Chemist: 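Here it is: the structure, laid out below.
Values reported hereafter were calculated over all heavy atoms of this structure, with side chains retained and with hydrogens, waters and symmetry mates removed. Remember, predicted model here, so these are calculated numbers, not experimental data. Each ligand, and each atom within it, is numbered from 1 in the order the structure gives.
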Amino acid sequence: MKNLKSILFIVVILVNNFVFSQTQTLPKLTYSYSALEPFIDSTTMKIHHSLHHQAYVNNLNKAIVGTPLENVPLIDIMLTISTKPDVIRNNSGGHYNHSLFWEILTPTKGTKPSLELQTAIEANFGHVDSLKKIINKAAASRFGSGWAWLIVTPEGKLIVSSTPNQDNPLMDNVKDRGIPIIAIDVWEHAYYLKYQNKRGDYLGAIWNIMDWNAISIKYAEALKNPLLKTLTTVGN
Ligand code: MN3
C-alpha cells in the first residue's frame with residue numbers, strides 16, 4: 001500500500017511537470033561564479049545569475065504557461081513585443097539579455113576578435129579601442145537601468161546602441177534594430193556590490209573578461225542569420 005502511494009505520488013508529479021512544463025530555463029554558466037574575479041565579484045555573479053536571471057525566467061514562464069505563447073520561441077515573442085503586455089516584455093528581455101551577457105564573458109585572458117570581426121570594427125569605428133569607448137559612452141550615459149549593445153544591423157553593419165530596462169534590439173518597439181553580439185548590463189545589480197556608484201570603473205573592468213572568440217562567432221552567425229531580414233519587415 002505504501003509502495004502504491006509512492007508510485008501514485010511520482011505519477012502525479014510527472015503528469016504535473018508534463019502538463020505545466022516550464023518552457024524557459026536558466027542557462028548554466030560555463031565558468032564558476034568566482035571565475036570572473038576580480039573584475040566581477042563572486043557574490044554579484046551568484047545573485048545576478050541564480051536570483052535575478054532566475055526570476056526573469058520564472059516570471060516569464062508564469063506569464064506564458066497555459067497561453068498560446070507557451071510554445072512560441074523566445075526570439076519570436078520579442079519580435080512582436082509591442083503587442084504583448086509589459087510583464088512579457090520585461091521578462092522575455094531579461095531572460096534573453098542575460099543569457100547573451102553570460103555567453104560573451106570569460107575568465108580566459110587575451111581573447112581576440114576574428115580577422116572578419118576586426119576588419120568590420122575597423123571599417124565602422126576605426127579601432128577596437130574606439131569601439132570600446134563608444135560602447136562605454138552609451139553604457140555610461142544610459143539613465144537608470146538598461147543595456148549597451150553592439151549590433152549587426154539588417155544591412156550587415158555594426159552599430160552601438162542602448163536600450164532602457166530589459167528592452168533589446170530584437171524588439172519591434174526599439175529604434176535601433178539588429179542582432180546583438182555584445183551586451184553590457186548597466187543595471188546597478190550588475191556592479192553595485194563591488195563598484196557602488198562608479199559605473200565607469202565597472203565599464204572599464206569588463207573589457208578584461210570579454211570573450212572575443214564568442215563575440216566573433218556571434219558576428220559570423222548574425223551575418224548568415226535569416227532573422228536579419230525579418231528585422232527589416234517586422235515592427236517599424
Ligand atoms: Mn542584470
Chemist: Testing the 3.5 Å rule here: is there a donor-acceptor pair between the side chains of K137 and S141?
Modeler: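 Result is no, nothing qualifies.
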Chemist: Kindly give the cluster partners of L193, where membership spreads through any ILVMFWY side chain lying under 4.5 Å from a current member.
Modeler: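 Cluster partners of L193: I47, L51.
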Chemist: Quick check for you: within a radius under 2.8 Å, how many protein N, O or S atoms neighbour the Mn ion (ligand 1)?
Modeler: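 Total protein N/O/S atoms under 2.8 Å from the Mn ion (ligand 1): 4.
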Chemist: Under the side chain to side chain donor-acceptor pair (under 3.5 Å) test, which residues partner Y219, sequence neighbours left out?
Modeler: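 Listed in chain order: nothing, the list is empty.
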Chemist: I need the single residue from N165, T163, D167, N168 that forms a side-chain hydrogen bond (donor to acceptor under 3.5 Å, both in side chains) with N97. Which is it?
Modeler: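 Considering N165, T163, D167, N168, a side-chain hydrogen bond (donor to acceptor under 3.5 Å, both in side chains) with N97 is found only for N168.
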Chemist: Does any pair with a residue in residues 203-218 pass side-chain hydrogen bond (donor to acceptor under 3.5 Å, both in side chains), and if so which ones, sequence neighbours excluded?
Modeler: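 Applying side-chain hydrogen bond (donor to acceptor under 3.5 Å, both in side chains) to every pair that reaches into residues 203-218, excluding sequence neighbours, yields E103-K218, N136-W207.
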Chemist: Can you say whether the rings of W147 and H98 are parallel (under 30°), tilted (30 to 60°) or perpendicular (over 60°)?
Modeler: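 Plane angle over 60°, so perpendicular.
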